[in-house]
Amino acid sequence: MLTSGSDWVIMQGVEEGLSQIARKQSGSTNQRLVWNFPINVAYKSTNAFGWPQLVLAIYGYDFAGRDVVKGYGAIHFPTSSGSFMKKVRLFQPISSSLFQEFTGWQRGQPAEFVDPKFPSKSDGREVTRV
């Protein structure tokens, strides 16, 4: 999902999409997953405030085979066009209490953000546990 400041307008391209499935080898100590998803978007703006960001929501399966959120991340777009290799640090929200965490675990609904663009914003970060 792409997010940007209020002055930025997408001239060409899509704002969100689904990509691929990637898996680590079981028993592997390597924590990397390769994500090859071409992004072709053109923006127009009158100032640099609110530089565009790519927001990632990573999903996976829990112990019962349910599709649950595994982590979120956000990264700013490069300032020039071309091919780039970027590292995105992922984080996962934590429930506000042990009871909510246990209930979420039972139901297969761990803590997640209501607004998927939240990782790219600074508002409300001081009250978020990750």
For this session: To the nearest 0.5 angstrom, please state how far the CZ atom of Arg89 sits from the CG atom of Leu56.
Result: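 If I round to the nearest 0.5 Å, the distance is 14.0 Å.
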Exercise. How long is the gap from OH on Tyr61 to NZ on Lys70, to the nearest 0.5 Å?
Worked result: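 Taking OH in Tyr61 and NZ in Lys70, the distance rounds to 11.0 Å.
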Return the minimal non-hydrogen interatomic distance between [X] and [Y], and the atom names on each side.
| X | Y | answer |
| --- | --- | --- |
| Pro78 | Lys86 | CG-CE, 4.1 Å |
| Met11 | Lys44 | CG-CB, 3.6 Å |
| Phe77 | Leu2 | CZ-CD2, 3.2 Å |

Exercise. Mind checking whether Val41 and Ile10 have side chains closer than 4.5 Å, heavy atoms only?
Worked result: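 With C-beta onward as the side chain, the pair touches.
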Exercise. So do Gln92 and Leu90 actually touch side chain to side chain, heavy atoms under 4.5 Å?
Worked result: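 Side chain of Leu90 against side chain of Gln92, heavy atoms only: no contact under 4.5 Å found.
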Would you say [X] and [Y] are hydrophobically clustered, going by side-chain heavy atoms of ILVMFWY under 4.5 Å?
| X | Y | result |
| --- | --- | --- |
| Tyr72 | Val68 | no |
| Phe91 | Tyr59 | yes |
| Ile75 | Trp51 | yes |

Exercise. How about Phe84: does its CZ atom have over 12 heavy atoms from other parts shown lying under 6.0 Å from it?
Worked result: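 Enclosed: over 12 neighbouring heavy atoms sit under 6.0 Å from CZ of Phe84.
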For this session: Carefully, step by step, assess Val69 and Ile58 under the rule side-chain contact (heavy atoms from CB on, under 4.5 Å).
Result: CA-CA 6 Å; Val69 68; Ile58 309 299; over 6 Å; no
